[in-house]
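First up is the structure itself, then whatever we jot down about it.
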Amino acid sequence: MRPERRERHRLLIAYLRLRRAHWLVAAMVLIGAVVAGWGQFEAPTPAAVDGGGTSVAFWRLFAVGSATVPVLALTSPLQSLETTAGTAFHRVRAIVLAAAFVLSCACVLAGAVIGVGATVVPVLLRALLAWMGLALVGGRVFGWSRCWILPWATMCGVLYWGHSGSGEGLRWWEFTGQPIEHLPSLLLSLGLFAAGLLAGVLTPWRIHRAGLRWRSALVGGAERPARSYLDQRQRQELRVDQDLS
C-alpha cells in the first residue's frame, strides 16, 4: 500500500473510531428493520383539520430519523480543533457523510419495500433528500450534535399544517405525502437538499475567508476614490513646484 493511501486509511479509521460509527450504523439498520416490520401501520397525529387529528404512516415518520442519523457522523469531541483542519480531513469528512447517507437510505428503502411496497420508494427518497438538507442546515446553525432540531421541528409543522381545512387533501408544500409527480414538492425537496449541501460546504474558516474578501473589496472600493484624489493633488503640487522653479 502506498504511503498516501496508508495515511488516508489511518485518517479514515481514526475518524470513524472517534465518532463511534458502529452505533450510527446500528441505528440505520434498526430504522430499516422497524420500517420493514411496522412501516404500513399508521399513528394518530394532531393536525389543523376538522376533528383535530389525522393518521400518518410509520414510514413517513421514520424517514426524518433515517436522514438525520448520517449527519450525526459530523459530531466530534474535538469539534473546535477539527474546524481548523486541512483539505485532507474535509475530504474524508465529505466521503464519510456521503457513504453514511447512502447506507441509511439503502436500509430504510429496503425496509419500505419489504414492509410497505415499492410504490412508496420514490416518495420516501424525495423526503429523505429534504430531511437531509434540513439536518445539515440545522447542524450548521445549532451544532452537529443538535442537527435533529430543525428537521424534527419542521416535520411537526408539516404534519400539523400540511392538510387542507377539510382534511381531504394536502397542501403543496407537504412533500412527505404528495405523489411523486407533484412538481412543487420535488422542487422544494431538491432546494432543501441543495441548501443543506451549501451549509455543509460553508465551514467556519471558509465563512471567515469569504468575510475577509468582502471586507477588503468594500474597503478597497471606498479607498480608491480617496487615493485617486490624493494622487491628483500630488501631481498638481508637483507641477506648481516645477513652475516656480
Side-chain angles (χ1 to χ4, degrees), residues 1-32 62-110 124-155 188-214:
M1 184 180 294
R2 295 180 180 179
E4 296 181 356
R5 293 184 177 180
R6 189 180 297 109
E7 287 297 326
R8 293 177 183 176
H9 182 71
R10 290 178 180 176
L11 180 59
L12 178 61
I13 296 300
Y15 186 95
L16 296 176
R17 286 181 177 176
L18 188 62
R19 284 153 177 80
R20 299 180 180 180
H22 58 284
W23 290 111
L24 297 178
V25 174
M28 298 175 191
V29 175
L30 179 61
I31 291 175
F62 279 92
V64 63
S66 181
T68 304
V69 170
V71 185
L72 292 175
L74 299 178
T75 59
S76 172
L78 304 176
Q79 197 71 52
S80 58
L81 180 62
E82 291 178 354
T83 55
T84 61
T87 305
F89 172 82
H90 289 289
R91 185 182 297 112
V92 171
R93 177 174 172 268
I95 293 174
V96 171
L97 178 62
F101 181 60
V102 171
L103 178 61
S104 185
C105 288
C107 292
V108 72
L109 291 175
L124 180 57
L125 182 59
R126 182 185 63 193
L128 288 171
L129 293 176
W131 295 133
M132 177 72 169
L134 287 171
L136 288 171
V137 174
R140 182 61 68 192
V141 174
F142 303 110
W144 298 118
S145 61
R146 294 180 292 274
C147 64
W148 53 270
I149 295 177
L150 184 58
W152 282 90
T154 303
M155 182 192 68
L188 178 60
S189 299
L190 293 177
L192 292 175
F193 185 68
L197 293 180
L198 180 62
V201 170
L202 290 178
T203 56
W205 64 271
R206 284 177 175 168
I207 296 175
H208 179 69
R209 187 172 63 177
L212 291 178
R213 287 182 178 178
W214 278 101

Ignoring hydrogens, what is the shortest heavy-atom contact between [X] and [Y]? Give both atom names and the distance.
| X | Y | answer |
| --- | --- | --- |
| W152 | T68 | NE1-OG1, 4.1 Å |
| S145 | L72 | O-CD2, 4.2 Å |
| A63 | L124 | CB-CD1, 3.4 Å |
| M155 | V64 | SD-CG1, 3.4 Å |
| G200 | R140 | O-NH2, 3.3 Å |

Q.
Could you go through L150 and V141, starting from their C-alpha distance and side-chain angles, then the distance that decides it, and tell me whether this counts as side chain to side chain contact (heavy atoms under 4.5 Å, CB included)?
A. CA-CA 9 Å; L150 184 58; V141 174; over 6 Å; no

Side chains of [X] and [Y] in contact at under 4.5 Å (non-hydrogen atoms):
| X | Y | result |
| --- | --- | --- |
| L129 | L192 | no |
| S66 | L128 | yes |
| M132 | L97 | yes |
| W148 | L134 | no |

Roughly how far, to the nearest 0.5 Å, is the [atom2] atom of [Y] from the [atom1] atom of [X]?
| X | Y | atom1 | atom2 | value |
| --- | --- | --- | --- | --- |
| L197 | L202 | CG | CG | 11.0 Å |
| F62 | L30 | CZ | CG | 8.0 Å |
| L188 | F193 | CG | CZ | 14.0 Å |

Per-pair distances, 0.1 Å, donor-acceptor, side chain in residues 21-28, under 3.5 Å, sequence neighbours excluded:
none

Q: Before giving the answer on side chain to side chain contact (heavy atoms under 4.5 Å, CB included), spell out for F101 and V96 the whole-Å C-alpha distance, their side-chain angles and the decisive distance to 0.1 Å.
A: CA-CA 9 Å; F101 181 60; V96 171; over 6 Å; no

Q) Quick one: does S104's side chain have a donor or acceptor within less than 3.5 Å of a partner on A67's backbone? A) no

